[in-house]
**Student:** 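If you scroll down you'll find the structure; I have some questions about it.
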2 protein chains.
Amino acid sequence: MQNYGDYFRALREAKNMTLREVEKQADVSNAYLSQLESGKVKQPSPLTLHKLSEIYGVSYDLLMEKVGYPVTERKEKVKSESGKISIAYRVGDISDDEELELLNYLKFIRNRKK
Amino acid sequence: MQNYGDYFRALREAKNMTLREVEKQADVSNAYLSQLESGKVKQPSPLTLHKLSEIYGVSYDLLMEKVGYPVTERKEKVKSESGKISIAYRVGDISDDEELELLNYLKFIRNRKK
DNA sequence: TATATTTGCTTGCAATATTTAGCAAACCGA
DNA sequence: TCGGTTTGCTAAATATTGCAAGCAAATATA
């Protein structure tokens, strides 16, 4: 994924969190988070990814792979799909683009009732 | 491990390789390898570790852990019960209603084009 | 309306990963 | 002995991560 900034933004918004909320929980500056989401960061450190993975509830491996780090080779298929495994199980593989749209739609769902 | 420089040097010497041989195979400068082995580098990048792990025949995970990166949790249990779609793994718990909407939206996405 | 707070963002800045260039000592064949 | 090569190393330069500070627009509150 070349521009994973949108992906991180979608994750945060799906949780309805502000940059400063994530800043507090992850101990990562909102400034840096902003740059990350706007595509100005190439490869955030594994430590940063680990913190974000816990807050957003996604797997650390998935984020590592997303930003282009080598990933431990074990069950290549299952690993790369670890986050989408259940949906894939029912409706087939989900592309990165589709995944992003789904996350954005989830955010929409959660906000429309307010 | 605070001084893993010695560890990297031991790995290389165990294989009877020179800095420049490793440089060629890993595409990492001999200068940097020298600094790495003398403890002047704090955290070599995952990509560099991956290359070295292949040349030295040790596991990528081991090197990642050695230099202090967060390690991937493996004992995580798969939360998706049979038939139950679980994006929860990614974005936290989602309700049955949300799940249904996401699936419908996915279908919409896939039929939308052309 | 006016003031205060929130929110996303940009701008320098420090730290550090990694490279290029090159040095000095050891090694090696003629 | 001697010119060439190998080997490990250092210094300077470049690139990127991540932060502190602060700004502008939106939003909340009086």
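Not measured: the values here are computed from a predicted model. Every chain is numbered from 1, with letters handed out A, B, ... down the list of sequences.
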**Student:** Nearest-Å distance, CG (A:Leu47) to P (C:dA15)?
**Tutor:** 18 Å
**Student:** Is there a side-chain contact between B:Lys40 and the phosphate of C:dT16, meaning an N or O under 4.0 Å from OP1 or OP2?
**Tutor:**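 So the side chain of B:Lys40 is outside the cut-off, no N or O lying under 4.0 Å from OP1 or OP2 of C:dT16.
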**Student:** With a 4.0 Å cut-off on heavy atoms, is B:Ser29 in touch with a base, just the backbone sugar-phosphate, or nothing at all?
**Tutor:**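 Base contact - B:Ser29 has a heavy atom under 4.0 Å of at least one base atom.
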**Student:** Taking atom C1' of D:dG8 as reference, at what distance in whole Å does atom CG of B:Leu36 sit?
**Tutor:** 14 Å
**Student:** Is the shortest side-chain N/O distance from B:Arg12 to OP1 or OP2 of D:dT7 below 4.0 Å?
**Tutor:** no
**Student:** Given the ring of A:Tyr56, does A:Lys15 sit roughly above its face, with NZ or CZ under 6.0 Å from the centre of the six-membered ring and within 45° of the axis?
**Tutor:**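 Cation-pi check for A:Lys15 and A:Tyr56: fails.
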**Student:** Is there a donor-acceptor pair closer than 3.5 Å between any side-chain N or O of B:Glu65 and the backbone N or O of B:Pro70?
**Tutor:** no
**Student:** What is the distance, to the nearest angstrom, from the NZ atom on B:Lys24 to the P atom on D:dG8?
**Tutor:**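 After rounding, the reported distance stands at 12 Å.
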**Student:** Between B:Glu21 and B:Thr18, is there a donor-acceptor pair closer than 3.5 Å when you use the side chain of the first and the backbone of the second?
**Tutor:**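 Here the side-chain-to-backbone pair exists.
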**Student:** Go nucleotide by nucleotide along DNA chain C from the 5' end; which of B:Leu33 and B:Asn30 gets its closest nucleotide reached first?
**Tutor:**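 Residue closer to the 5' terminus by nearest nucleotide: B:Leu33.
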**Student:** Please give the angle, rounded to 10 degrees, between the axes at the start and the end of the helix from C:dT1-D:dA30 to C:dA30-D:dT1, where five pairs define each axis.
**Tutor:** 10°
**Student:** Starting the side chain at C-beta, find the nucleotide from D:dG18, D:dT7, C:dG8 nearest to A:Pro44.
**Tutor:** D:dG18
**Student:** Between the side-chain atoms of B:Gln35 and the base atoms of C:dT19, is any donor-acceptor pair under 3.5 Å?
**Tutor:**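 Indeed, a donor on one side and an acceptor on the other fall under 3.5 Å apart.
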**Student:** Atom CE of B:Met17 to atom C1' of D:dT7: distance rounded to whole Å?
**Tutor:**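 In whole Å, D:dT7 C1' lies 14 Å from B:Met17 CE.
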**Student:** Which nucleotide in the set D:dT10, C:dC9, D:dG18 lies at the smallest distance from any side-chain heavy atom of A:Arg9?
**Tutor:**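 Nearest nucleotide to the side chain: C:dC9.
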**Student:** Please check: side-chain N/O of A:Gln43 versus main-chain N/O of A:Val67, any donor-acceptor pairing under 3.5 Å?
**Tutor:**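 Yes; at least one donor-acceptor contact below 3.5 Å.
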**Student:** Indicate yes or no: at least one non-hydrogen side-chain atom of A:Val22 is less than 4.5 angstrom from one of A:Phe8.
**Tutor:** no
**Student:** Go nucleotide by nucleotide along DNA chain C from the 5' end; which of B:Lys51 and A:Glu21 gets its closest nucleotide reached first?
**Tutor:**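 The residue whose closest nucleotide sits nearer the 5' end is A:Glu21.
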**Student:** What integer distance in Å separates B:Glu37:CD from C:dT18:C1'?
**Tutor:**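 Interatomic distance, CD of B:Glu37 to C1' of C:dT18: 15 Å.
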**Student:** Would you mind reading off the distance between A:Asp27 atom CG and D:dG18 atom C1', rounded to a whole angstrom?
**Tutor:**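 Taking atom C1' of D:dG18 as the reference, CG of A:Asp27 is at 11 Å.
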**Student:** Could you report the tightest heavy-atom contact between B:Leu52 and B:Leu33, atom names first, then the distance?
**Tutor:**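 Scanning both residues completely, I find the closest heavy atoms to be CD2-CD2, 4.1 Å.
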**Student:** Taking the side chain from A:Ser34 and the backbone from A:Asn30, do they hold a donor-acceptor pair closer than 3.5 Å?
**Tutor:** no
**Student:** What heavy-atom pair brings B:Pro46 and B:Tyr69 nearest, and what distance separates the two atoms?
**Tutor:**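 Taking B:Pro46 first and B:Tyr69 second, the nearest heavy atoms are CD-OH, 3.7 Å.
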**Student:** Classify A:Ser34 by what it touches in the nucleic acid, base, sugar-phosphate, or nothing, heavy-atom distance under 4.0 Å.
**Tutor:** base
**Student:** Ignoring the backbone of B:Leu19, work out which of D:dC9, C:dA17, C:dG8 is nearest its side chain.
**Tutor:**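 Ranking D:dC9, C:dA17, C:dG8 by closest atom to the B:Leu19 side chain puts D:dC9 first.
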**Student:** Can you find a side chain N or O atom of B:Ser45 that sits less than 4.0 Å from OP1 or OP2 on C:dT18?
**Tutor:** yes
**Student:** Given D:dC9, is OP1 or OP2 found less than 4.0 Å from the side-chain N or O atoms of B:Arg20?
**Tutor:** no
**Student:** Nearest whole angstrom, please: distance from the P of C:dG8 to the CD of A:Glu13.
**Tutor:**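 Atom CD in A:Glu13 sits about 8 Å away from atom P in C:dG8.
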**Student:** Find the distance A:Tyr32:OH to C:dA14:C1' and express it as a whole number of Å.
**Tutor:** 15 Å
